[in-house]
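Presented below is the structure to which this report refers.
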Amino acid sequence: MRIIVDADACAVIGLAVRIAEEKSVEIILVSDYLHALEKYGVPHIVVEKSANSADYKILSLLLPGDILVTNDYGLAALALAKKASVLNDSGTFYTGDNIDAMLAQRHIGAKARRAGFRSKGPKKRRTEQDASFARALYERIAAG
């Protein structure tokens, strides 16, 4: 089991690294070259800045039983097909039971944006989200 982090837009990189080190689980960060993540002192794979390049690299690394941390529903769906556990940075696991609804919501949002609708963006991150993420990651690691 390894933890692989889609680090392009992840709010819990430091927390994931700390938990991985505490539990002696290998962790790999994957991002494009615009994100400097060397400060975490763990393996960091840097890919070119192009559409989905980090996603393709992550998929090439994923093995059954790995844990992927991402907020990308499309990547989550593909990772589930590879038998990985997939967790977002708020502590919610993507599963076969919830991924279809999430992908449908993503499609509706993309369609609205193409029609000119502009959203407010993400809400301010709360400490409860970090606690929920940590709890979920600890539980998944313990489950093996």
Side-chain angles (χ1 to χ4, degrees), residues 1-114 119-144:
M1 170 190 346
R2 302 172 300 167
I3 300 170
I4 299 176
V5 179
D6 181 4
D8 279 339
C10 182
V12 292
I13 297 170
L15 183 55
V17 168
R18 182 180 59 77
I19 292 169
E21 289 175 344
E22 176 185 325
K23 295 297 184 179
S24 300
V25 175
E26 180 183 0
I27 187 166
I28 302 167
L29 310 179
V30 180
S31 72
D32 64 44
Y33 69 87
L34 296 177
H35 298 85
L37 302 171
E38 292 78 17
K39 67 182 178 182
Y40 294 106
V42 298
H44 175 215
I45 297 173
V46 180
V47 297
E48 65 183 62
K49 176 69 176 145
S50 65
N52 301 316
S53 58
D55 296 353
Y56 294 138
K57 185 60 179 180
I58 289 167
L59 289 170
S60 75
L61 295 170
L62 271 177
L63 299 172
D66 283 346
I67 302 168
L68 172 62
V69 178
T70 186
N71 289 320
D72 182 329
Y73 299 160
L75 177 58
L78 294 169
L80 287 172
K82 293 191 80 162
K83 306 293 186 215
S85 294
V86 188
L87 175 66
N88 72 18
D89 64 12
S90 293
T92 300
F93 280 98
Y94 300 96
T95 68
D97 293 332
N98 66 15
I99 195 66
D100 288 338
M102 292 176 173
L103 288 169
Q105 187 61 40
R106 180 180 81 157
H107 174 71
I108 291 167
K111 192 173 177 180
R113 285 187 297 280
R114 283 192 304 271
S119 64
K120 295 179 182 180
K123 295 178 182 175
K124 184 177 178 184
R125 187 153 180 88
R126 300 180 325 272
T127 56
E128 296 86 21
Q129 290 171 293
D130 288 347
S132 180
F133 171 80
R135 188 171 39 256
L137 186 56
Y138 277 122
E139 288 173 5
R140 176 57 188 90
I141 291 169

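The chain is numbered in sequence order, starting from 1. Values below: every heavy atom of this structure, side chains too, minus hydrogens, waters and symmetry copies. It should be emphasised that the depicted structure is a prediction, and the values quoted were computed from it without experimental measurement.
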Problem - Thr95 side chain to Asp97 backbone, donor-acceptor under 3.5 Å - result: yes

Handout entry: Distance in Å, Thr92 OG1 paired with Leu87 CG, rounded so as to fall on 0.5 Å steps
Key = 7.5 Å

Exercise for the section: Could you tell me whether the side chain of Gln129 reaches within less than 4.5 Å of the side chain of Asp89, counting heavy atoms only? Expected result: no

Handout entry: Minimum-distance pair of heavy atoms, taken over all atoms of Ala9 and Asn71
Key = O-ND2, 3.7 Å

Exercise for the section: Determine whether Leu137 and Val12 make a side-chain contact, defined as any pair of heavy atoms from C-beta on separated by less than 4.5 Å. Expected result: no

Problem - CD1 on Ile141 to CE on Met1, rounded to 0.5 Å - result: 6.5 Å

Practice task
Taking only Lys NZ, Arg NE, NH1 and NH2, and the carboxylate oxygens of Asp or Glu, determine whether Glu139 and Arg135 approach each other closer than 4.0 Å.
Solution key: no

Handout entry: Heavy-atom pair of closest approach, residues Ser132 and Ser90
Key = OG-O, 3.0 Å

Practice task
Starting at OG1 of Thr70, measure out to CD1 of Ile4 and round the result to the nearest 0.5 Å.
Solution key: 11.5 Å

Exercise for the section: Grab the two heavy atoms, one from Asp6 and one from Cys10, that are nearest each other, plus how far apart they are. Expected result: O-CB, 3.5 Å

Problem - Inter-residue atom distance Ile58.CD1 - Asp8.CG, 0.5 Å rounding - result: 7.5 Å

Handout entry: Straight-line distance of Asp32 CG to Lys57 NZ, nearest 0.5 Å
Key = 14.5 Å

Handout entry: Any donor-acceptor N/O pair, Asn98 side chain to Phe93 backbone, under 3.5 Å
Key = yes

Practice task
With sequence neighbours left out, write down each residue that passes side-chain hydrogen bond (donor to acceptor under 3.5 Å, both in side chains) with Ser53, or none if nothing qualifies.
Solution key: none

Practice task
Quick one: pull up OH in Tyr56 and CG in Leu75 and give me the separation to the nearest 0.5 Å.
Solution key: 10.5 Å

Exercise for the section: Look only at the side chain of Asp66 and the backbone of Arg2, and say whether a donor-acceptor pair between them is shorter than 3.5 Å. Expected result: yes

Exercise for the section: List for me each residue that meets side-chain hydrogen bond (donor to acceptor under 3.5 Å, both in side chains) alongside Asp55, sequence neighbours excluded, and say none if there are none. Expected result: none

Practice task
Return the minimal non-hydrogen interatomic distance between Ile67 and Arg140, and the atom names on each side.
Solution key: CD1-CG, 3.5 Å

Exercise for the section: State, yes or no, whether a side-chain contact exists between Asp130 and Arg125 at a heavy-atom distance under 4.5 Å. Expected result: yes

Handout entry: Nearest heavy-atom neighbours spanning Val69 and Phe133
Key = CG1-CE1, 3.9 Å

Problem - Distance-minimising heavy-atom pair for Ala20 and Ile3 - result: CB-CD1, 3.9 Å

